Amino acid sequence: MSENIEKQAAPAIKLPPYKLASRATHPDDSVVPLGQSAVGGQEFIVMAGPCSVEADPQMLGTAWDVKMAGAHMIRGGAFKPRSSPYSFQGLAEEGLKMLAKARELTGLPIVTEVMDSTDVDLVESYADVLQVGARNAQNFSLLKRLGQCRKPILLKRGLMNTVDEFLCSAEYLLAGGNENVILCERGIRTFDNSTRNTLDLSAVLTIKERSHLPVIVDPSHASGKANYVAPLSKAALAVGADGLMIEVHCNPQAALCDGEESLNPVEFQILMRELAELAPHFGRAVSTVSSSANQAVPQ
Ligand code: PEP
Ligand code: MN
């Protein structure tokens with residue numbers, strides 16, 4: 001009898017299937033620490049670098065350029081998910097070593113993709129943040145494995161995933177015990193093929209409403225066009241994203257992957273200045289002055 005009364009007195013709150021990711025269980029925004037900065041706080045965070053790590057001079061030169069323009073983090077893929085098995089697949093551990101050198105040179109943390117559960121230990125030993133690519137957003141065994149990882153995870157939205165499915169994928173990481181999860185809207189596949197994908201900016205609003213997790217936008221893979229990257233980046237800032245992931249290459253015409261959507265260093269520097277000017281209008285800050293360059297410009 002008393003048990004029945006208790007049940008009536010405390011009506012159960014209906015939680016979504018992503019309860020740990022939901023605002024209902026965690027009303028405040030989560031902030032994920034990233035070296036000297038953090039994603040999800042007032043600072044608008046920019047991760048930049050080439051699609052793929054190709055060689056020392058390309059990786060180190062680009063890393064230096066993005067650092068000098070004010071990027072907070074270096075990106076670069078060493079394990080590449082390519083549609084064709086004949087396309088460049090990435091340099092694997094050799095590429096991870098180049099990323100580690102880029103971190104040493106710039107003092108910036110590095111984010112790189114892990115495609116397979118069997119590579120998690122290796123990638124974790126080099127990366128500051130492990131990226132789950134769009135094609136692996138519902139690879140549940142990989143997500144379970146990464147839940148046990150103690151480094152932050154950048155989870156990209158799957159090409160065909162609803163926002164709720166995306167949050168359920170994040171839930172696998174949280175349920176495994178990894179609280180440091182950053183979401184990335186990178187465009188979805190729609191009937192329209194005028195851009196590489198369709199950037200779903202309203203997903204940023206929906207995610208912010210339903211979840212406490214920080215969310216960044218990748219305008220490079222979303223559009224597939226370098227000249228769309230700056231306007232979409234500004235739109236992402238305006239809509240309330242916590243940052244960006246942008247492809248930058250020291251020589252986009254020569255890139256082994258995604259050159260057509262990559263900014264060159266000058267274009268990136270201009271964009272960073274524009275974002276720094278705009279950010280205060282949206283209650284954010286973007287620092288463009290690099291403060292802790294460790295060494296001289298690489299030759
Ligand atoms: C990437 O960021 O390198 C990448 C492959 O992107 P996505 O998984 O979003 O296609
Ligand atoms: Mn790419």
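Order of listing sets the numbers, starting from 1, for every ligand and every atom in it. Please read these numbers as outputs of a predicted model, since none were measured by experiment.
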Is Cys257 close enough to the Mn ion (ligand 2) that one of its N, O or S atoms comes in under 2.8 Å?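 So Cys257 does not bind the Mn ion (ligand 2) by this criterion.
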
Is Asp258 close enough that one of its N/O/S atoms sits under 2.8 Å from the Mn ion (ligand 2)?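 Yes, since at least one N, O or S atom of Asp258 sits under 2.8 Å from the Mn ion (ligand 2).
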
With a 4.0 Å cut-off on N to O distance, would you call [X] and [Y] a salt bridge?
{"X": "Arg145", "Y": "Asp119", "value": "no"}
{"X": "Asp29", "Y": "Arg23", "value": "yes"}
{"X": "Asp258", "Y": "Lys80", "value": "no"}

Does any N or O of ligand 1 fall below 3.5 Å from an N or O anywhere on Glu113, backbone included?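 No, since none of the N or O atoms of Glu113 sits under 3.5 Å from an N or O of ligand 1.
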
Quick check: does Asp218 get an N/O under 3.5 Å from an N/O on ligand 1?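 Looking only at distances, the answer is no, because the N/O contact criterion of under 3.5 Å is not met.
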
Contact with ligand 1 for Arg157, non-hydrogen, under 4.0 angstrom: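 Not so, Arg157 does not reach ligand 1.
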
Nearest heavy atom to atom 2 (O) of ligand 1 wins, so pick from Lys80, Arg75, Met115, Glu247.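 Checking each option, the heavy atom nearest atom 2 (O) of ligand 1 is found in Arg75.
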
What distance do Lys151 atom NZ and Leu130 atom CG have between them, rounded to the nearest 0.5 Å?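 Interatomic distance, Lys151 NZ to Leu130 CG, rounded to 0.5 Å: 7.5 Å.
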
Between CE of Met272 and CD of Gln269, what distance do you get to the nearest 0.5 Å?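 Nearest 0.5 Å value for the CE-CD distance: 10.0 Å.
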
Element-labelled atoms of ligand 1 that are located less than 4.0 Å from some non-hydrogen atom of [X]:
{"X": "Arg186", "answer": "7 (P), 9 (O), 10 (O)"}
{"X": "Ala134", "answer": "7 (P), 8 (O), 9 (O)"}
{"X": "Gly133", "answer": "8 (O)"}

Pick out which of Leu167, Leu143, Leu213, Val215 makes a side-chain contact (heavy atoms from CB on, under 4.5 Å) with Leu155.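 Between Leu155 and the candidates, side-chain contact (heavy atoms from CB on, under 4.5 Å) is satisfied uniquely by Leu143.
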
Measuring only between side-chain heavy atoms, which start at C-beta, is Tyr126 closer than 4.5 Å to Thr112?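 Answer no - side chains too far apart.
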
Which residue and heavy atom of the protein sit nearest atom 6 (O) of ligand 1, plus the separation: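 So the nearest neighbour among protein heavy atoms is Lys156 NZ, 3.0 Å.
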
In terms of side-chain heavy atoms, does Glu261 have a donor or acceptor partner in Tyr228 at a distance below 3.5 Å?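 Glu261 vs Tyr228: no donor-acceptor pair found between side chains.
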
Which atom, counting only N, O or S, brings Glu247 closest to the Mn ion (ligand 2)?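 That would be atom OE2.
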
How many degrees, to 10°, between His221 NE2 and Cys51 SG as seen from the Mn ion (ligand 2)?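 It is 160°, given to the nearest 10°.
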
